[in-house]
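For reference, the structure discussed in these notes is given below.
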2 protein chains.
Amino acid sequence: MSVRALKPLKETQTRILDAAEELFMQHGFEGASMRMLTAMAGVNLAAVNYHFGSKDALIEAVFRRRLDPMNAERLAALERLEQEAQGKALAPDAIIRAFVGASLRMIEDTRGGGRTFSRLLGRAYTEPAKSIRQLIGQMYAPAMERFKAAFVRALPELPKDELVWRMHFMFGTLAYTLAATDTVQLIAGAKPEDRYDVRVLENRLAAFMSAGLLAPLTGALQVRIAA
Amino acid sequence: MSVRALKPLKETQTRILDAAEELFMQHGFEGASMRMLTAMAGVNLAAVNYHFGSKDALIEAVFRRRLDPMNAERLAALERLEQEAQGKALAPDAIIRAFVGASLRMIEDTRGGGRTFSRLLGRAYTEPAKSIRQLIGQMYAPAMERFKAAFVRALPELPKDELVWRMHFMFGTLAYTLAATDTVQLIAGAKPEDRYDVRVLENRLAAFMSAGLLAPLTGALQVRIAA
DNA sequence: GTCTATATCATGATAGAC
DNA sequence: GTCTATCATGATATAGAC
């Protein structure tokens, strides 16, 4: 056994990021103080400023650590679908699953903190602080453009602005589901210690979203198309 | 003109509530300090504690002022529908509109602060502080029970736990839409000063939600029904 | 890289004069 | 009811020893 094994298993930065993830999720970005955070991580109060520069920079690092790989995974899934389709239009349901799957798979990662992060992420979408919403918006922008283009090709008859709204609705459904994973499973009668059955949840979500995305254009909506 | 007209138009409590609504929406509950808040309201720092007792009690008052009438309106709309139907099952779309309409009508109220509150409300659903989610959960509970019962009668063939999930998804769609009213209209190409066309938004939302609620049960979901 | 100690400032709450 | 003044606490950030 090397000497390193006696030291803390994780590097200081990682332990700070893990603690920050947990505490930002529980108490919000303003509610979680650097004192709470460094205490949980088992590091000195000054360590955050040394390694990250400031609390704001730490917040950005927390998101970047998970979001960059997640969006890369999303885009890879979409590109794989498009290659398999060989030029044919994709099924909307498949596009939805490519987008949603990356988020849901993170819920399963209880040990690595992915589940904690997914709840944090769900909350961040409606975070009051403009800087945080901008930050997340920037990280998502490239993936969102690609998925929008895929939906446009899959649903050429759906008006573009209607598509934007429906993508927005789908995003809200996902965000809220991520944020409230604890609440839902209680409502649905599961015990807190139950592991999520992510595949069933993906089926539920995809069914709901697909139907909503493909909803008929009726009434006042159709008037706008005629015009 | 009476002497009263020369004094501030609104009572102190009201002005505090209005300022709190605005600042809680912009900066969150922890981020908005009592100093910011009393400065905006044009009242003394000590006024909050005098009139409400504490910051937490103020938060509760902010929600109660709008949420109690809103849920009463919701329930009244549902009961009116049921009376008109004279025992027949309601259309799911009509139930959805009864629930959603009360929230959306609040968006139109730019002058009275309803729109500000609706954005605050959308964010509060994913608020980290447990006390606030509990507070809102309690205020919503009676209405939620009644609407769930209405959905059960309208969709007897839909399994109960599936209904709970779909109500959850609908709630998320609405919450996110309320929280991001500013973002969406920019995405959709509207100018910030445009007033919302709430009837069109209600049609969009109802179309999406109805389709999602009535989505076919396929694949893994159907396995669960057979079991 | 890690620690202690501290600077500087903002917070929620309250006591007590008016 | 409204004000001023103040308390006790906790916040982020940093300087400087080790």
Side-chain angles (χ1 to χ4, degrees), chain A residues 2-63 127-132 135, chain B residues 2-63 65 120 127-132 135:
Chain A
S2 74
V3 180
R4 278 205 68 97
L6 295 175
K7 296 188 71 177
L9 287 166
K10 295 173 181 174
E11 299 301 326
T12 302
Q13 279 106 325
T14 306
R15 302 170 70 206
I16 292 175
L17 287 172
D18 289 346
E21 202 164 65
E22 176 77 28
L23 289 174
F24 288 156
M25 186 270 284
Q26 280 179 25
H27 301 105
F29 300 104
E30 304 221 37
S33 73
M34 316 225 338
R35 281 178 167 78
M36 292 165 62
L37 199 153
T38 48
M40 172 178 271
V43 301
N44 188 269
L45 172 61
V48 170
N49 273 354
Y50 178 80
H51 286 286
F52 296 95
S54 72
K55 189 181 182 180
D56 281 346
L58 171 62
I59 293 174
E60 178 167 346
V62 165
F63 282 106
E127 175 68 20
K130 207 185 295 176
S131 59
I132 291 172
L135 180 73
Chain B
S2 73
V3 179
R4 278 204 68 98
L6 295 176
K7 298 187 68 178
L9 287 167
K10 295 172 181 174
E11 299 300 327
T12 301
Q13 280 105 326
T14 307
R15 303 170 69 205
I16 291 174
L17 287 172
D18 289 345
E21 201 162 67
E22 176 76 29
L23 290 174
F24 288 155
M25 186 269 285
Q26 279 179 26
H27 302 105
F29 299 104
E30 305 220 38
S33 72
M34 312 203 21
R35 284 176 168 79
M36 293 166 61
L37 199 153
T38 48
M40 172 178 270
V43 301
N44 188 269
L45 171 61
V48 170
N49 273 353
Y50 179 79
H51 286 286
F52 296 95
S54 72
K55 189 181 181 180
D56 280 346
L58 172 62
I59 293 174
E60 178 167 346
V62 165
F63 282 106
R65 173 171 70 149
L120 173 63
E127 175 68 20
K130 208 185 295 177
S131 58
I132 291 173
L135 180 72

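FYI, side chains are in, hydrogens and waters are out, and symmetry mates aren't considered; it's all heavy atoms of this structure. In what follows, chains are A, B, ... by sequence order, proteins preceding strands, each numbered from 1. Everything quoted here is computed from the prediction, not taken from an experiment.
With sequence neighbours excluded, the residues satisfying salt bridge (charged side-chain N to carboxylate O under 4.0 Å, His left out) with B:E21 are B:R65, B:R66. Listed by chain and number, the residues in a side chain to side chain contact (heavy atoms under 4.5 Å, CB included) with A:A61 are A:L17, A:F52 (sequence neighbours excluded).
In this structure a side-chain-to-backbone donor-acceptor pair under 3.5 Å is missing from B:K10 to B:I16.
Pairs passing the side-chain hydrogen bond (donor to acceptor under 3.5 Å, both in side chains) check and including a residue from residues 24-33 of chain A, sequence neighbours excluded, read A:E22-A:Q26.
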Please table the atom pairs, donor to acceptor, closer than 3.5 Å between any side-chain atom in residues 37-49 of chain B and protein atoms at least two apart or in another chain.
unit_1	atom_1	unit_2	atom_2	d
B:T38	OG1	B:M34	O	2.7
B:T38	OG1	B:R35	O	3.3
B:N44	OD1	B:A46	N	2.9

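Distance CD/A:Q13 to CG/A:L58: 11.0 Å, rounded to 0.5 Å.
Here A:T12 does not reach the OP1 or OP2 of C:dG1: none of its side-chain N or O atoms lies under 4.0 Å away.
Atom CG of B:L37 is separated from atom P of C:dG12 by 9 Å (rounded to the nearest Å).
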For this session: Run the numbers on B:L120 and B:F29 for side-chain contact (heavy atoms from CB on, under 4.5 Å), then give the verdict.
Result: CA-CA 10 Å; B:L120 173 63; B:F29 299 104; 3.8 Å; yes
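The heavy-atom pair separating A:H51 from A:T12 by the smallest distance is NE2-CG2, 3.7 Å.
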For this session: Quick one, give me the B/S/- string for nucleotides 11-18 of chain D, reading 5' to 3', where B means a protein heavy atom under 4.0 Å from the base and S means that only happens at the primed atoms, P, OP1 or OP2.
Result: BBBB----
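The C1' atoms of five pairs define one axis at each end of the helix from C:dG1-D:dC18 to C:dC18-D:dG1, and these two axes lie 0° apart (to 10°).
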